[in-house]
Amino acid sequence: MGTDSPRTRRHSGLKFLVGLLVTVLVLALVAVGIGWWTVQRSFPETSGRIEVPGLGQAVTVYRDDAGIPQLVAETSDDLFFAQGYVHAQDRFWEMDFRRHVTAGRLSELFGESQVGTDTFIRTLGWRAVAELEWEKMSDESREYYEAYAAGVNAYLDSRSGADLSLEYAVLGLQNAGYEPEPWTPVDSIAWLKAMAWDLRSNLEDEIDRALLATELPAEEVARLHPGYDFDAQPTIVGGSLIPPGGAAAQTGESAETDADARGSRDTTTDDGDDALASSAPAAPAAASSALESLRASLDALPELLGPAGGEIGSNSWVVGGELTDTGLPLLANDPHLGPAMPSIWYQMGLRCQTVSAECPWEVAGYSFSGMPGIVIGHNATVSWGFTNLGPDVADLYIEKVAGTEYELDGVTRPLDIREETIAVAGGEPVQIEIRATERGPLVTGLTDTFGEVASGYPAAAGLPEGEYELSLQWTALSPGRTPEAIFAMNRSANWDQFRAAAELFEVPSQNLVYADTAGNIGYQAPGTVPVRKSGDGTVPLPGWTSANGWSGTVPFDAMPRLFNPPAGYIVTANNAVEQDRRPFLTADWDLGYRAQQIDLRLREHIDAGEPITSEMMSAIQSDTFDANAARFSTVFAELDVDGDAAKGLALLDGWDHRADADSAEAAYFAMFWRALLDGMFADLPDGTAPVGGDRWFRVVDELLDQPDSPYWTNEKLGVAGRDAMLASALDAAWTEGVDLMGGDSDSWRWGRLHTLTITNGSFGESGIAPIEWLFNRGPWELGGGSAIVNAIGWDASQGYTVDWVPSMRMVVDLADFDDSTWINLTGASGHAFHPNYTDQTDRWAAGETRPWPYTLDAVQEAAVNTLQLQPGS
């Protein structure tokens with residue numbers, strides 16, 4: 001496929017039905033002067049004074065030249081009120097769209113095309129769980145959420161329709177009667193459920209294994225899903241395998257041994273590690289089409305953080321003061337998510353005019369529009385970063401269902417049944433029935449896919465005939481305390497307080513790195529992780545026996561942690577936490593290529609006696625070294641080829657294996673890699689095509705040492721053996737390069753293939769070009785790649801365009817917070833054509849960052865606009 005291949009199952013977007021009239025009207029809107037007036041009318045006021053009813057005392061909003069707001073208030077309530085107001089100023093459409101997603105109400109906006117999505121989300125019950133979390137919340141946290149909602153609504157009271165955002169003008173052409181409802185605290189909380197779903201677990205890997213098992217023996221499935229190489233790659237708690245000076249390998253030990261916690265980790269069963277093996281049969285061949293459809297159904301849901309899969313990850317690391325130029329820690333973080341317009345993140349600062357027990361906030365960093373508080377960043381004492389831990393937290397069960405009852409331990413029990421009504425723009429309401437067992441909702445009736453899985457799997461597995469359905473058990477469907485965790489984290493002042501805040505962060509489970517101004521660094525893995533009675537969650541288990549299921553969750557004190565390790569630094573990049581399998585978290589770690597390269601870069605400086613600087617940390621974030629390309633260089637050196645393959649090897653000769661945007665070598669190697677994967681694995685079952693990330697690096701790496709493996713033979717290509725397959729892929733890549741970029745390889749560059757178009761999460765994939773033109777931006781030519789530190793990922797099964805990105809980058813200097821740096825993928829504004837819509841993207845693409853003023857003096861000096869929010873009547 002070419003570089004402009006359409007978005008696929010891994011990159012599905014929101015599609016909705018609009019008529020020809022919309023296209024004509026939008027073209028007219030853009031063509032005449034009225035269009036520009038309509039565009040600008042939603043731009044918010046950012047200077048002067050505004051009277052805002054509901055505000056207790058005045059709040060000052062400073063904005064720098066990037067439009068990033070820093071809020072200063074007298075009270076906590078006024079601070080969060082102002083945060084809601086400012087979020088609504090810049091991002092209300094994004095907030096409104098998200099709450100419709102999380103409540104299963106997209107059909108109210110876009111019509112009957114979204115009934116299926118709404119049904120699925122209502123069946124999972126995101127909104128219902130959020131309502132339970134609201135009821136359980138402490139009075140103090142409830143007060144903050146209510147203040148935030150009041151601020152949002154104060155802004156809504158002052159504007160409506162196109163005055164809120166251009167998207168409402170476009171929506172009005174299709175759905176003229178729509179008016180946004182007032183914001184509620186539950187709207188904020190429900191967003192965490194969408195976040196948890198997109199970061200849910202290894203469900204895609206489990207489906208892939210099941211599909212492979214329909215045609216391949218178990219040993220080949222294992223070969224194509226290799227485990228973590230603990231002998232070659234670093235672990236988070238174990239640390240680096242690189243000894244000082246590059247001598248023999250060694251592993252680090254935690255300074256905080258957690259002996260009691262480690263002793264309690266045997267929380268699975270009394271049978272030890274053997275109990276981690278699955279007790280259920282592999283999925284039969286008859287279920288292959290259903291499993292394929294199942295994955296497609298999951299990916300058809302709106303992707304608010306990005307496509308699910310192995311590339312959803314992050315880099316985060318922290319270096320102790322003994323190794324830095326300032327004598328205090330440096331902390332770096334860059335979460336890898338799907339590119340979105342506007343960026344998933346919203347930069348801001350929240351500060352009390354006088355910090356006290358009653359008003360304790362002086363925090364800055366990255367927030368989510370629609371939620372109070374700062375998700376990632378720092379306060380006056382501590383800084384923290386997130387990467388996805390990725391434990392397996394969702395299981396499917398095969399249930400015996402008869403009518404309105406299901407069976408458990410030989411006893412029939414009534415299903416929990418409720419009916420809901422989906423309102424549909426331009427159509428009649430749709431009634432749906434939601435059914436659940438005590439494990440979770442029945443997902444069988446949502447699509448034909450789930451019915452095929454439920455009916456085909458038991459019969460092929462030799463189970464008795466009967467009516468079978470699937471239930472889903474998922475940690476995020478139980479009310480938890482995550483909505484309160486952000487507040488606790490924002491005001492934590494030391495390691496103990498930070499860990500107490502982390503204990504509240506139950507879903508989704510994350511890796512947290514930590515640093516403080518006292519010089520400490522740390523790591524904590526929080527989250528609700530199930531303890532299974534049997535199996536390891538990789539295949540559906542019978543639900544009619546209580547012998548299967550969850551016996552509880554891993555205690556927080558048993559979750560891995562690390563404090564002031566002897567190595568002086570901690571690296572997390574979604575790699576394995578530790579070799580010890582207690583507690584069992586997942587079998588599907590990122591395989592450690594990014595973690596290893598970050599570790600190598602840090603050790604290069606440390607072994608050379610060079611203090612680590614903030615600039616070095618940023619340079620590592622932009623590192624484009626491709627370990628996969630370096631692995632092939634030794635094999636290429638021994639190849640005897642001619643023709644186009646020889647031209648290709650000549651081009652690669654002397655390459656430094658860096659996937660820079662202007663690199664002809666990187667472009668050619670990417671085309672070779674894609675051709676190689678297609679040639680080697682063309683006969684795999686449908687739906688299992690290699691996407692080309694870390695997993696496939698490892699698979700092919702091991703096969704390179706097996707030149708006679710059947711995977712090197714492709715009868716359709718007429719090749720047999722490793723060298724012949726490599727030569728064929730080299731030839732094909734050269735031909736593709738000429739077709740795509742011309743016959744002069746000196747003019748080739750990776751960025752010509754590897755482009756990013758940042759897409760609006762709602763209208764940006766409407767299928768109507770004028771609407772997409774209004775809201776999308778790009779393309780940008782980029783370097784980086786999958787399983788590279790600068791993780792600008794692409795899907796080799798589809799093309800070279802960018803699918804995952806470092807959604808932001810930050811480096812926090814604990815010695816002087818005003819020397820910290822940050823950058824966002826897009827800009828502060830969610831308003832198309834606003835100066836701050838994409839004003840950070842060029843610098844982001846170049847690997848550059850912006851100064852991050854934090855102290856009030858620095859904030860005031862950087863301010864180009866100052867807005868006073870005054871109490872009004």
Side-chain angles (χ1 to χ4, degrees), residues 1 205 208-227 229 282-283 285 288-289 291-292 310 591 626-652 668-739 786-787 794-800:
M1 300 176 66
D205 285 296
D208 192 86
R209 284 191 183 93
L211 283 168
L212 292 172
T214 63
E215 297 186 17
L216 299 176
E219 61 270 18
E220 290 306 312
V221 176
R223 182 196 299 276
L224 297 178
H225 276 272
D229 188 350
S288 61
S289 62
L291 287 163
E292 248 188 280
L591 295 182
D626 186 343
N628 189 41
R631 171 67 173 98
F632 274 92
S633 63
T634 58
V635 180
F636 287 159
E638 300 173 355
L639 280 184
D640 182 13
V641 296
D642 55 16
D644 288 345
K647 294 177 186 177
L649 290 185
L651 176 61
L652 294 176
Y668 177 68
F669 183 80
M671 291 183 289
F672 157 78
W673 175 237
R674 186 168 181 235
L676 181 67
L677 292 174
D678 186 56
M680 293 180 67
F681 304 107
D683 292 333
L684 292 183
D686 290 343
T688 64
V691 301
D694 64 310
R695 172 186 156 205
W696 293 100
F697 286 14
R698 176 78 180 282
V699 169
V700 177
D701 180 7
E702 294 182 350
L703 288 171
L704 285 172
D705 294 327
Q706 304 169 43
D708 297 324
S709 168
Y711 288 105
W712 297 113
T713 295
N714 185 315
E715 295 181 358
K716 292 181 180 178
L717 295 176
V719 299
R722 183 194 70 179
D723 291 359
M725 179 67 77
L726 295 176
S728 175
L730 289 165
D731 275 331
W734 191 269
T735 299
E736 185 179 18
V738 171
D739 289 344
S786 301
W794 54 288
D795 185 338
S797 69
Q798 305 302 329
Y800 306 102

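Not measured: the values here are computed from a predicted model.
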Working to the nearest 0.5 Å, report the span between [atom1] of [X] and [atom2] of [Y].
{"X": "F672", "Y": "L677", "atom1": "CZ", "atom2": "CG", "result": "9.0 Å"}
{"X": "L676", "Y": "R722", "atom1": "CG", "atom2": "CZ", "result": "11.5 Å"}
{"X": "L649", "Y": "L730", "atom1": "CG", "atom2": "CG", "result": "5.0 Å"}
{"X": "S728", "Y": "D723", "atom1": "OG", "atom2": "CG", "result": "12.5 Å"}

Do the non-hydrogen side-chain atoms of [X] and [Y] ever get within less than 4.5 Å of each other?
{"X": "D626", "Y": "F697", "value": "yes"}
{"X": "L703", "Y": "M680", "value": "yes"}
{"X": "L224", "Y": "T688", "value": "no"}
{"X": "N714", "Y": "F681", "value": "no"}
{"X": "W712", "Y": "L726", "value": "yes"}
{"X": "P685", "Y": "L212", "value": "yes"}

Margin query: If the threshold is 4.0 Å, N to carboxylate O, is there a salt bridge linking E219 and R223?
Written below: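 No.
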Notebook entry, point to check: Should the pair K647-D644 be classified as a salt bridge under the 4.0 Å nitrogen-to-oxygen rule?
Noted result: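 Here K647 pairs with D644 in a salt bridge, since their nearest N and O are under 4.0 Å apart.
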[X] and [Y]: which non-hydrogen atoms are nearest, and at how many Å?
{"X": "S786", "Y": "G693", "result": "CB-CA, 4.0 Å"}
{"X": "R631", "Y": "T634", "result": "O-OG1, 3.1 Å"}
{"X": "G721", "Y": "T713", "result": "N-OG1, 3.9 Å"}
{"X": "Y711", "Y": "L216", "result": "OH-CD1, 4.5 Å"}
{"X": "A670", "Y": "W794", "result": "O-CH2, 3.7 Å"}
{"X": "A729", "Y": "A675", "result": "O-CB, 4.0 Å"}

Note to self: Is it the case that over 12 heavy atoms from other parts of the model lie below 6.0 angstrom from the CG atom of D640?
What the structure shows: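 Check fails, neighbour count at 12 or below.
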Note to self: Counting neighbours of CG on D683 that are heavy atoms of other residues, nucleotides or ligands and sit closer than 6.0 Å, is the number greater than 12?
What the structure shows: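 No, not enclosed.
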Margin query: I'd like to know whether N628 forms a side-chain contact (heavy atoms from CB on, under 4.5 Å) with W696, so could you lay out the CA-CA distance, the side-chain angles of the two residues, the decisive distance to 0.1 Å, and finally the verdict.
Written below: CA-CA 9 Å; N628 189 41; W696 293 100; over 6 Å; no
Check: Do Y800 and W673 have their ring centres less than 6.0 Å from each other?
Finding: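 Ring centroids of Y800 and W673 are no less than 6.0 Å from each other.
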Next item on the list: Ignoring hydrogens and angles, tell me if any N or O in the side chain of R674 forms a donor-acceptor pair with the backbone of G692 under 3.5 Å.
Entry: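 Looks like no, no N/O pair under 3.5 Å.
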Margin query: For P226, is there any backbone N or O sitting under 3.5 Å from a side-chain donor or acceptor partner on R695?
Written below: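 Pair absent, no side-chain N/O of R695 close to backbone of P226.
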